[in-house]
S.K.: 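What follows is a single structure, and I will ask about it in a moment.
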Amino acid sequence: MENQFSNFETQAVRIQSERSHFDEHSTPLYLTSSFVFQDAEDMRASFAEEKQKNIYSRFSNPNVNEFTAKMVQLEGAEDGYSFATGMAAIFSTFGALLHSGDHILSCRSVFGSTHTLFTKYFPKWNIETTYFEASETDLEKYLKPSTKILYIETPTNPAIEVLDLELLGKFAKKHNVIFIVDNCFATPYLQQPIKFGADLVIHSATKLIDGQGRVLGGVTVGKKDLIREIYLFARNTGPAMSPFNAWVLSKSLETLAVRVDKHCENALKVAEFLETHPNVSLVKYPFLKSHPNYETAKNQMKAGGNIVAFEVKGGIEAGRNFLNKIKMCSLSANLGDTRTIVTHPASTTHSKLSEAERNQVGITAGLVRCSVGLEYIDDIINDLKQALD
């Protein structure tokens with residue numbers, strides 16, 4: 001898919017699969033498991049990868065190709081591969097690149113399922129993980145001869161910590177380790193980690209990229225040689241994105257910029273309101289001046305995103321009471337939806353972590369994660385206010 005556009009919004013709208021002989025304006029659905037060949041030589045050359053051709057939808061599909069091509073362009077990457085879910089993207093990326101005896105250096109504040117991979121499953125294959133705190137900048141002491149990957153999220157889930165991409169990019173390059181960034185909370189509209197030295201960028205497309213809580217999806221984009229390894233792993237293990245989900249997500253990208261602008265506008269107003277409420281002891285939002293890494297966020301992000309974390313005074317019971325008093329906002333484990341969602345991470349998304357592990361990454365008993373939606377701002381704030389009051 002040729003791309004002659006330089007602006008984000010135009011790329012998201014105009015990158016499309018080649019039109020069929022029907023001359024459709026909007027890309028159709030290609031709901032097919034497989035594709036046919038003209039003759040024996042066409043089939044041989046396709047399997048030998050001497051020509052680019054769809055063979056089987058576990059390998060590639062026009063709808064999936066279109067979504068992947070958009071994400072590659074929007075992130076400023078060389079190549080990419082799309083997956084059934086965000087966690088499929090994370091697992092397959094690590095599975096393709098790591099060998100027994102390798103070492104991962106990761107920020108401690110990561111999504112609960114990613115933590116479970118690092119601590120429960122990877123040790124079975126003799127893959128070790130060392131955590132560092134989000135506030136640390138001197139990481140050389142954690143390096144080992146076997147260190148293969150540096151992995152982070154920024155902003156982190158759910159404590160909304162911001163890590164310095166430029167600093168970590170230089171560190172990874174100096175020590176020749178693969179730098180992987182989960183960019184789910186920011187989306188490529190707000191932040192492009194590759195500009196700061198990331199080798200690979202991962203998304204759960206289920207979140208803001210879909211933006212309406214409809215379908216699951218994941219994608220990894222980055223350096224062509226690394227994506228080649230990931231593609232071969234995924235081609236043989238089968239975590240491919242479905243054509244239907246890819247079609248939905250590709251259409252969703254067309255409105256990503258306008259949606260995220262409004263999400264960010266609403267989220268900042270919610271964060272500013274929460275800072276003034278007497279029953280809230282702490283608010284974390286990247287574009288609040290009170291955020292400890294405000295300047296870093298301003299340097300690497302276009303806006304602060306749609307996730308606000310805050311601590312309700314009174315601990316776990318106060319947190320549960322707050323959720324029980326919510327009327328309009330949704331109680332859900334998802335985020336990045338058009339609808340505002342409030343979640344209590346300690347009892348849901350990060351419940352598999354021990355209390356000590358949760359405290360280490362700032363997930364205190366009363367912490368609430370608010371995914372600010374697109375409702376009228378006064379309605380969002382009024383619901384949060386009556387529950388806090």
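Positions are given from 1 along the sequence. Below, each value reflects all heavy atoms present in this structure, side chains not excepted, and no hydrogens, waters or symmetry copies. Everything numeric in this text was worked out from a predicted model, so none of it was measured.
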S.K.: For the pair Phe59 and Tyr56, name the ring-plane relationship: parallel under 30°, tilted 30 to 60°, perpendicular over 60°.
M.R.: perpendicular

S.K.: Salt bridge check: are Arg320 and Glu317 linked by an N-O gap of less than 4.0 Å?
M.R.: yes

S.K.: State yes or no: do Ile90 and Val181 share one hydrophobic cluster built from I, L, V, M, F, W and Y residues joined by side-chain heavy-atom distances below 4.5 Å, directly or via other members?
M.R.: no

S.K.: Take Asp383 and Ile326 through the side chain to side chain contact (heavy atoms under 4.5 Å, CB included) test and state the conclusion after the steps.
M.R.: CA-CA 6 Å; Asp383 193 29; Ile326 284 291; 3.6 Å; yes

S.K.: Go through the steps for Tyr121 and Phe91 under the test ring-ring contact (aromatic ring centres under 6.0 Å, His included), then give the verdict.
M.R.: CA-CA 10 Å; Tyr121 295 106; Phe91 174 74; 8.4 Å; no

S.K.: Parallel, tilted or perpendicular, judged at 30° and 60°: which one describes the rings of Tyr189 and Phe8?
M.R.: tilted

S.K.: Assess whether salt bridge (Lys or Arg N to Asp or Glu O under 4.0 Å) is satisfied between Lys284 and Glu161, documenting all intermediate values.
M.R.: CA-CA 8 Å; Lys284 293 284 285 294; Glu161 294 165 306; 5.1 Å; no

S.K.: Decide if atom CZ of Arg14 counts as having more than 12 heavy atoms of other residues, nucleotides or ligands within a radius under 6.0 Å.
M.R.: no

S.K.: Hey, can you tell me if Tyr131 and Phe118 have their rings parallel, tilted or perpendicular (30° and 60° cut-offs)?
M.R.: tilted

S.K.: Please answer: with hydrophobic residues joined when any side-chain heavy atoms are less than 4.5 Å apart, are Leu288 and Ile381 in the same cluster?
M.R.: yes

S.K.: Aromatic rings His277 and Phe273: how do their planes relate, parallel, tilted or perpendicular, breaks at 30° and 60°?
M.R.: perpendicular

S.K.: Testing Lys224, Lys223, Lys173, Lys148 for salt bridge (charged side-chain N to carboxylate O under 4.0 Å, His left out) with Asp199, which one passes?
M.R.: Lys223

S.K.: Step by step, would you call His291 with Tyr285 a side chain to side chain contact (heavy atoms under 4.5 Å, CB included)?
M.R.: CA-CA 6 Å; His291 193 287; Tyr285 183 69; 5.7 Å; no

S.K.: Quick check on the hydrophobic clustering: are Leu232 and Leu97 connected, directly or via other members, by side-chain heavy-atom contacts under 4.5 Å?
M.R.: yes

S.K.: Taking the six-membered ring for Trp, are Phe83 and Tyr81 closer than 6.0 Å centroid to centroid?
M.R.: yes

